Engineer: 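One structure, pasted below without further comment.
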Protein chains: 2
Amino acid sequence: MPRPSEPTRARIVQAASALFYSEGIRRVSVDEVAAKAGLTKRTLYYHFKSKDDLVAAYLAARDQPNLALFRTWFAEAEGGMPAKVEAIFRNLARSARHPKWKGCGFLRTSAELANMPGHPAIRIGAAHKKKFEDWLRTTFAEQGIVDPLKLARQILLLLDGSFAVVLLHRDASYMETAGEAARALIETALTKPGRKRGSRK
Amino acid sequence: MPRPSEPTRARIVQAASALFYSEGIRRVSVDEVAAKAGLTKRTLYYHFKSKDDLVAAYLAARDQPNLALFRTWFAEAEGGMPAKVEAIFRNLARSARHPKWKGCGFLRTSAELANMPGHPAIRIGAAHKKKFEDWLRTTFAEQGIVDPLKLARQILLLLDGSFAVVLLHRDASYMETAGEAARALIETALTKPGRKRGSRK
DNA sequence: TTGTGTATATTCACTGGTTAGTATACATAC
DNA sequence: GTATGTATACTAACCAGTGAATATACACAA
């Protein structure tokens, strides 16, 4: 902990995160990141072996906080399962109305690096989405839903669709529409075939 | 028509389209586009006033063919309304399995240029998605669905969610999951509240 | 306590390559 | 001989990554 200078590395990642998210990966130079972090490019290259490495660190740092935020929104919402999922979309719509909001960093990065299939940043993004899907699937399974994986993927599709559409149209109300669709799909899954053990937590 | 040299311009747009789609906007230089089109950069700048202008032309050229493709998939599918919409997702999944597939050019471009809100290419992308939404809304309205706009937007969210998720995970089966979700939402809208006039065209 | 070696951490200055856009001249057709 | 197109050659800036030197902190010996 003392030698590998953790605070410096963290400050670099923080600067990279702000710039990459708001300007895009290829638009931002390594010099800009170093300047924003208050040090030289050469120092940055001491902590990261390449720009690609820095991009990967940028997304890796966003993984856990992002998931925690979704879990908090879910947990703090009143009501049953559909209401709790809908709350995620409602909170997301609130975030998306801020002018600095630029969509999902994971999706935007993978869109920008789509020509480099094996890029570490894309793998980190895919793992992030998979974790979210797994969390939803587990949650649905605990409610006795018959095909929790399918429902989890449908919610994920609506969520990522929201990110894409709202980024293009700059109209956050699409996220509330997505929330309604999620509610409808959950209710269908709850009432149609399987047994259910109760809808309140 | 004779003087403004339409074929040359079209050849440039074709070259730009291939490169921008497969490599990304900022990754591809104007020189590369000119070389692929078989002419000099200076000639390219005679036909387009800037790279941004070229990017806009790239997306504008994809607008009508893309919509026509969706309409064809819809029209040629057997069965009622849900089956016809599901056919779009099924055909999309088939396209997405080709290794050269790189998602939706409109979404990827707007993700890459998210830091330039008023960019002409983003406006063209937004107009494209709006046209698709309008077409769906009109089609649903003809079926007597009570809130055709809401349903059209929900389908759009699933479609764009498919583009995003499949690009990240490289697993086209998500598109079939999205098709199932679309079917469920359409059936809910058809049977729940409104009057319906028949489900076959 | 003090000197010395060593791994960690940081900087300056540079390279080789790329890029959007342009000044100028030449060609071709009517 | 004038409009429209095309090419050569250039600029000024930017950019990822590196070589060489230096500063700092700590371990250990005298």
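Note on naming: letters A, B, ... go to the chains in the order of the sequence lines (proteins, then strands), and numbering restarts at 1 for each one. Quick caveat: nothing in here was measured; it's all calculated off a predicted structure.
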Engineer: Both distances under 3.5 Å, Watson-Crick or G-U wobble: report the partner of C:dA29, or none.
Structural biologist: D:dT2

Engineer: For B:H169, give me all partners under side-chain hydrogen bond (donor to acceptor under 3.5 Å, both in side chains), at least two apart in sequence or on another chain.
Structural biologist: none

Engineer: Can I get a per-line list of side-chain donor-acceptor pairs under 3.5 Å for residues 30-37 of chain A, giving both atom names and the distance, sequence neighbours left out?
Structural biologist:
unit_1 : atom_1 : unit_2 : atom_2 : d
A:D31  : OD1    : A:K41  : NZ     : 3.3
A:E32  : OE1    : A:S29  : N      : 3.0
A:E32  : OE1    : A:S29  : OG     : 3.3

Engineer: Name the atoms and distances for all side-chain donor-acceptor pairs under 3.5 Å in residues 95-103 of chain B, with sequence neighbours left out.
Structural biologist:
unit_1 : atom_1 : unit_2 : atom_2 : d
B:S95  : OG     : B:N91  : O      : 3.2
B:R97  : NH2    : B:E176 : OE2    : 2.8
B:K102 : NZ     : B:S22  : O      : 3.4

Engineer: Which ring pair (Phe, Tyr, Trp, His ring centres under 6.0 Å) pairs, counting each pair once, include a residue from residues 26-45 of chain A, with sequence neighbours left out?
Structural biologist: none

Engineer: Can you tell me how far P of D:dA21 sits from OH of A:Y46, to the nearest Å?
Structural biologist: 18 Å

Engineer: How would you summarise protein contacts on nucleotides 12-18 of chain D per nucleotide, using B for base, S for sugar-phosphate only and - for none, with heavy-atom distances below 4.0 Å?
Structural biologist: ---SBBB

Engineer: Between B:H47 and D:dT4, does any side-chain N or O lie under 4.0 Å from OP1 or OP2?
Structural biologist: no

Engineer: Can you check whether B:T40 has a side-chain N or O nearer than 4.0 Å to OP1 or OP2 of D:dA7?
Structural biologist: yes

Engineer: Where does the angle between the aromatic ring planes of A:W73 and A:F70 fall among parallel (under 30°), tilted (30 to 60°) and perpendicular (over 60°)?
Structural biologist: perpendicular

Engineer: Tell me: CG of B:L44 to P of C:dT19, nearest whole Å?
Structural biologist: 14 Å

Engineer: For A:K131, give me all partners under side-chain contact (heavy atoms from CB on, under 4.5 Å), at least two apart in sequence or on another chain.
Structural biologist: A:D63, A:Q64, A:L67

Engineer: Applying the Watson-Crick and G-U wobble criteria at under 3.5 Å, what pairs with C:dA23? Answer none if nothing qualifies.
Structural biologist: D:dT8

